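A short worksheet on the structure shown next.
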Number of protein chains: 2
Amino acid sequence: MKYYSRTSFADIGKKIFLSPSSVRERIKKLEDVGVIRGYSLDVDQNLMGNNLEVFIMLKIFTGKFNTAISEINSYPEIQEAFRITGQQNIHLRVALKNQLHLQQFIDKLIAFGEPTTHLILSELRKDF
Amino acid sequence: MKYYSRTSFADIGKKIFLSPSSVRERIKKLEDVGVIRGYSLDVDQNLMGNNLEVFIMLKIFTGKFNTAISEINSYPEIQEAFRITGQQNIHLRVALKNQLHLQQFIDKLIAFGEPTTHLILSELRKDF
DNA sequence: GGTGAAAAACAGCACTC
DNA sequence: GAGTGCTGTTTTTCACC
């Protein structure tokens with residue numbers, strides 16, 4: 001289990017030979033200057049009932065960009081969304097229950113863009 | 001600042017009207033069954049000196065798949081790696097210092113696959 | 001699920017170098 | 001600016017209901 005963001009200052013301090021207070025000071029600084037943007041969790045989407053994870057690249061139709069942005073913000077299936085360069089201009093990571101759910105999701109997307117879907121087969125984990 | 005994974009059991013308990021101990025029990029259960037896979041942090045790559053973030057899709061050359069996997073695990077620039085379906089079979093998220101760094105990185109990849117690069121312009125944040 | 005008490009971790013601050 | 005120790009407070013842990 002990756003425990004990065006819940007490791008105590010004391011434990012971090014042991015690894016880098018620093019007192020807990022100092023570790024705390026350094027981390028607070030990293031938070032203040034914005035290097036650490038936040039703390040999050042990795043959730044197993046399969047166990048959450050989302051048996052399909054996909055990347056969807058979207059080529060937004062001319063003039064539909066603003067629509068796309070606000071639509072994207074309203075879909076709970078979307079885990080991450082990025083604006084990118086290339087053939088398509090939006091990159092989504094999406095968690096879905098099953099094929100039907102994917103179909104329905106794509107049907108909503110094609111109102112404002114042309115989607116290209118890639119199924120995620122597995123994560124090639126880098127075990128740090 | 002997103003504080004999801006460092007919110008105290010007490011604070012979570014207040015929101016769902018449960019005692020800190022019960023919140024802890026529930027979370028422990030989620031960890032035990034694997035719903036919560038780990039705890040992580042969001043790091044601002046720009047502030048880390050990586051001014052270029054890209055997605056790279058790789059079409060691995062025939063017979064080079066195992067080479068690709070072990071190479072991928074050895075590159076610190078790679079933040080995430082997935083096996084996917086579609087024209088390309090590997091999807092990478094990579095953080096790089098600058099254009100030169102990207103060029104050198106791509107030069108290494110083309111030993112075992114054909115890369116397609118998409119620059120990440122911005123994250124379209126969903127503010128939960 | 002809840003309670004309560006001990007142990008651990010944390011935040012804040014004064015101090016040193 | 002960076003590190004540390006001290007102190008009061010909060011959180012976590014754990015045995016038990």
Side-chain angles (χ1 to χ4, degrees), chain A residues 1-51 53 76-80 93 95-98 123 125-128, chain B residues 1-53 75-80 93-98 100-101 122-123 125-128:
Chain A
M1 159 99 75
K2 297 186 299 181
Y3 252 104
Y4 307 123
S5 63
R6 289 186 70 85
T7 311
S8 74
F9 299 152
D11 283 350
I12 297 173
K14 278 172 204 153
K15 296 207 178 174
I16 59 175
F17 305 102
L18 225 53
S19 73
S21 324
S22 306
V23 173
R24 181 177 167 279
E25 287 298 316
R26 286 193 181 183
I27 289 180
K28 189 170 184 328
K29 207 165 291 172
L30 291 172
E31 291 172 348
D32 290 345
V33 301
V35 170
I36 295 176
R37 300 200 308 183
Y39 300 96
S40 52
L41 338 66
D42 278 359
V43 171
D44 187 311
Q45 289 297 334
N46 275 295
L47 292 179
M48 289 288 283
N50 294 317
N51 297 299
E53 277 194 277
E77 293 94 341
I78 297 178
Q79 312 289 305
E80 292 181 325
R93 177 166 166 191
L96 303 140
K97 298 202 188 311
N98 47 41
E123 181 162 5
R125 323 207 106 274
K126 301 156 60 83
D127 15 29
F128 295 90
Chain B
M1 158 101 70
K2 296 186 298 180
Y3 252 102
Y4 307 122
S5 63
R6 289 186 70 84
T7 311
S8 74
F9 300 151
D11 282 351
I12 296 172
K14 278 172 204 152
K15 297 206 178 173
I16 58 175
F17 305 102
L18 227 51
S19 73
S21 332
S22 304
V23 174
R24 181 181 172 279
E25 285 302 314
R26 287 194 182 182
I27 289 179
K28 189 166 184 329
K29 208 165 293 176
L30 291 172
E31 291 172 347
D32 290 345
V33 301
V35 170
I36 295 177
R37 300 202 308 184
Y39 300 96
S40 53
L41 337 66
D42 277 0
V43 171
D44 187 312
Q45 289 298 334
N46 275 295
L47 293 179
M48 289 288 283
N50 295 317
N51 296 300
L52 230 45
E53 276 194 279
Y75 299 154
E77 293 93 342
I78 297 178
Q79 313 289 306
E80 291 180 326
R93 176 165 166 192
V94 187
L96 304 140
K97 297 200 188 313
N98 48 42
L100 178 59
H101 191 187
S122 62
E123 181 163 4
R125 322 207 108 275
K126 301 156 58 82
D127 14 30
F128 296 90

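Reminder, nothing fancy here: chain letters follow the sequence lines and each chain counts from 1. In this text the structure is predicted, and so the values were computed from the model without any measurement.
Within the structure, the ring-ring contact (aromatic ring centres under 6.0 Å, His included) test picks out the following pairs touching residues 20-45 of chain B (sequence neighbours left out): A/Tyr3-B/Tyr39.
A heavy-atom distance below 4.0 Å to DNA chain C is reached by none of the residues of residues 27-42 of chain A. Of the residues in residues 17-26 of chain B, those lying under 4.0 Å from DNA chain C by heavy-atom distance are B/Leu18, B/Ser19, B/Ser21, B/Ser22, B/Arg26.
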With side-chain hydrogen bond (donor to acceptor under 3.5 Å, both in side chains) as the test, would you mind laying out the steps for B/Ser5 and A/Ser40 before giving the verdict? CA-CA 5 Å; B/Ser5 63; A/Ser40 52; 5.7 Å; no
Tabulate atom names and distances for all N/O pairs under 3.5 angstrom spanning the protein and nucleotides 5-7 of chain C.
none

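The separation between A/Ile16 atom CD1 and D/dA2 atom C1' is 12 Å, rounded to whole Å. Taking atom CZ on B/Arg6 and atom C1' on C/dA11, their separation rounds to 12 Å, with Å as the unit.
One end of the helix from C/dG1-D/dC17 to C/dC17-D/dG1 points its axis 30° away from the other end's axis, with each axis taken from 5 pairs and the angle rounded to 10°.
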Without placing hydrogens or testing angles, list every side-chain donor-acceptor pair under 3.5 Å for residues 15-27 of chain A, not counting sequence neighbours.
{"residue": "A/Ser19", "atom": "OG", "partner": "A/Ser22", "partner atom": "N", "Å": "3.2"}
{"residue": "A/Ser19", "atom": "OG", "partner": "A/Ser22", "partner atom": "OG", "Å": "2.9"}

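When all heavy atoms of B/Ala95 and B/His101 are compared, the closest pair comes out as O-CE1, 4.5 Å. Between A/Val33 and B/Leu47, the shortest heavy-atom distance links the atoms O-CD1, 3.2 Å. For the pair B/Gln45 and B/Asn50, the tightest heavy-atom approach, listed with the atom from each and the gap, is OE1-ND2, 2.7 Å. Between B/Met48 and A/Val35, the closest heavy-atom pair is SD-CG1, 3.9 Å.
Atoms CD1 and OG1, on A/Ile12 and A/Thr7 in that order, are 5.0 Å from each other to the nearest 0.5 Å. Considering CD of B/Glu77 and CD of B/Glu53, their distance stands at 12.5 Å, rounded to 0.5 Å. Taken from CG in A/Leu41 to NZ in A/Lys2, the straight-line distance is 11.0 Å, to the nearest 0.5 Å. Here A/Leu96 contributes atom CG and A/Asn51 contributes atom CG; the two are 10.5 Å apart, rounded to the nearest 0.5 Å.
The pair A/Lys14-A/Asp11 meets the salt-bridge criterion, with a side-chain N (NZ, NE, NH1 or NH2) lying under 4.0 Å from an Asp/Glu carboxylate O. In this structure, B/Arg6 does not pair ionically with A/Glu31, as no charged nitrogen and carboxylate oxygen lie closer than 4.0 Å.
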